[in-house]
Colleague: 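Would you mind keeping the following structure in view while I ask a few things?
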Protein chains: 2
Amino acid sequence: MVLPRAARTQRRTRIQEEKEELILEAALDVFATHGFRGSTIDQIAEVAGMSKPNLLYYFRTKEAMHRALIDRVLDSWLDPLREFDAEGSPVSEIRSYIRRKLEMARDFPRESRLFANEILQGAPHIEDELKGPLKSLVDEKAEVIRSWAKTGKIAKCDPYHLIFAIWSTTQHYADFDVQVRGVLGDERSGEGRFEDAARFLEQLFVSGLEIRDGGA
Amino acid sequence: MVLPRAARTQRRTRIQEEKEELILEAALDVFATHGFRGSTIDQIAEVAGMSKPNLLYYFRTKEAMHRALIDRVLDSWLDPLREFDAEGSPVSEIRSYIRRKLEMARDFPRESRLFANEILQGAPHIEDELKGPLKSLVDEKAEVIRSWAKTGKIAKCDPYHLIFAIWSTTQHYADFDVQVRGVLGDERSGEGRFEDAARFLEQLFVSGLEIRDGGA
DNA sequence: TGATAATTTGACCGGTTGGTAAAACATTAC
DNA sequence: GTAATGTTTTACCAACCGGTCAAATTATCA
């Protein structure tokens, strides 16, 4: 019998798991490069190597695929921020947060672009996640940073804008990759650009947040 | 007679100028929020308050509209970088570059998102501009920054990544506006966030680039 | 005013898109 | 093996999309 996908909540076949995995992988490819509205089910089906109705057997709508993808990716995307440790030393925590975010931009650019597309277009599908789990996590970590500033471990600064700055500078290398490589030219567009970026950003943030006598 | 748009290169009617203006304004709205593939001519026509065939009388294809928009906007978008002055003092030049870029993010977010969408999706329509005029301009200004570092006016750093960092942190407030406001919460989402951002970023970049004894 | 050119509109077209129906095919459990 | 269930395919549909066409309307100017 042909049961609608949503009705089979209990046991999942081996084939189901494999195919859903395959589809989400293909969907990530397509959504990341064309955005939600710019992507077609046919495209995703082709990348996944199956027919469109077959794909629709596993995910009944384009929205369902997108949502499943967002749900799966959002969680891992926030891991680096979760690891941000209140007990560690400020400089090394910030330094390794930058490094982890840069590694993600290098190793998982599609995930970064998926969110970038979504947010750029007004976050129509993930607004709740932004104002809920994401905000809570950021609030928590902002409090940590604020306490570091208060106890004189780093320069006084707005912790939210610090986090925004780390996000934007690191994700830039995933989201605006074409521009980065276009500007750097072919010679400097190898993987070395991530190490150069890491060096620069660590210097910028670490010494930008250092306490100095004349500081405000 | 119905002359194709491309054939009337000479005199332009008053109506032509007005309508083309109107259309590009509407197109900016739509392209900026949905990207090229996600936008429809009907949408743009509706925003512009005219029928689709009427719109197509002025721009014969969707591509033509997009290209006209890109051409018009790219130039003004690079103005802040052009103003970057080799003769000025490094600190005040960098500071005012940041301020100008932030003002553009605040006052012209649609223009920022237009490019962000384009670049995110692989810059299919503006690759030439990236590797041509943009790269040249950046190369020129990077040389200025490099000379400042060499003569000990600012800390040694990779000038390209410095420029990327300024671009990403400032444009973040236009491109990721929904996220920024979502995280800041309703209370802090007023226009004041741009001043907070300006304060933070100026502090970060200025003191991050200051020469210090222990510096590398 | 009337002729001429510029603008606007409604009807339409072929291709694409998200999605469906039903039957054919494969797999699993007994 | 076979019956029940799970998977895949073929054919299809209605809505939408980019774009055309010819006729209707409006502006310009002698």
Colleague: A:Lys62 has an atom NZ; how far is it from atom P of C:dT16, in whole Å?
Modeller: 16 Å
Colleague: Would you check if there is a donor-acceptor pair between the side chains of B:Asp196 and A:Tyr160 at a distance under 3.5 Å?
Modeller: no
Colleague: For the base of C:dG18, is there a side-chain donor-acceptor partner from A:Lys52 under 3.5 Å away?
Modeller: yes
Colleague: Looking at C:dT7, I'd like to know if its phosphate oxygens (OP1 or OP2) sit under 4.0 Å from a side-chain N or O belonging to B:Tyr57.
Modeller: yes
Colleague: Of the candidate nucleotides C:dG10, D:dA11, C:dG18, which contains the atom at the shortest distance from the side chain of A:Pro53?
Modeller: D:dA11
Colleague: Grab the two heavy atoms, one from B:Arg37 and one from B:Lys62, that are nearest each other, plus how far apart they are.
Modeller: O-NZ, 4.0 Å
Colleague: Whole angstroms only, please: what is the CG-P distance between A:Leu56 and D:dT9?
Modeller: 13 Å
Colleague: Have B:His34 and A:Gln121 got a donor and an acceptor in their side chains that come within less than 3.5 Å?
Modeller: no
Colleague: Aromatic contact between A:His161 and B:Tyr173, with the criterion being ring centroids under 6.0 Å apart: yes or no?
Modeller: yes
Colleague: Whole Å only: how far is the CZ atom of B:Phe59 from the C1' atom of D:dT20?
Modeller: 19 Å
Colleague: Using atom CZ of B:Arg37 as one end and atom P of C:dT17 as the other, report the distance to the nearest whole Å.
Modeller: 7 Å
Colleague: Just the rounded figure in Å: distance from P of C:dA6 to CD of B:Glu20.
Modeller: 14 Å
Colleague: Find the distance A:Ile41:CD1 to D:dC16:P and express it as a whole number of Å.
Modeller: 15 Å
Colleague: Looking at B:Asn54, does any N or O in its side chain come under 4.0 Å of the phosphate oxygens OP1/OP2 on C:dT7?
Modeller: no
Colleague: Mind checking A:Ser51 for me? I need base, sugar-phosphate or nothing, with any heavy atom below 4.0 Å counting as a touch.
Modeller: base
Colleague: Nearest whole Å is fine: how far is D:dT7 P from A:Glu18 CD?
Modeller: 11 Å
Colleague: Which nucleotide wins on minimum distance to the side chain of B:Tyr58, given the candidates C:dT7, D:dT20, C:dG18?
Modeller: C:dT7
Colleague: Rounded off to whole Å, could you give me the CE-to-P distance for the B:Met50 and D:dT26 pair?
Modeller: 16 Å
Colleague: At what distance, to the nearest 0.5 angstrom, does CG of B:Leu201 lie from CD1 of B:Ile166?
Modeller: 9.0 Å
Colleague: Can you tell me if the side-chain N/O atoms of B:Gln16 get under 4.0 Å from OP1 or OP2 in C:dT7?
Modeller: yes
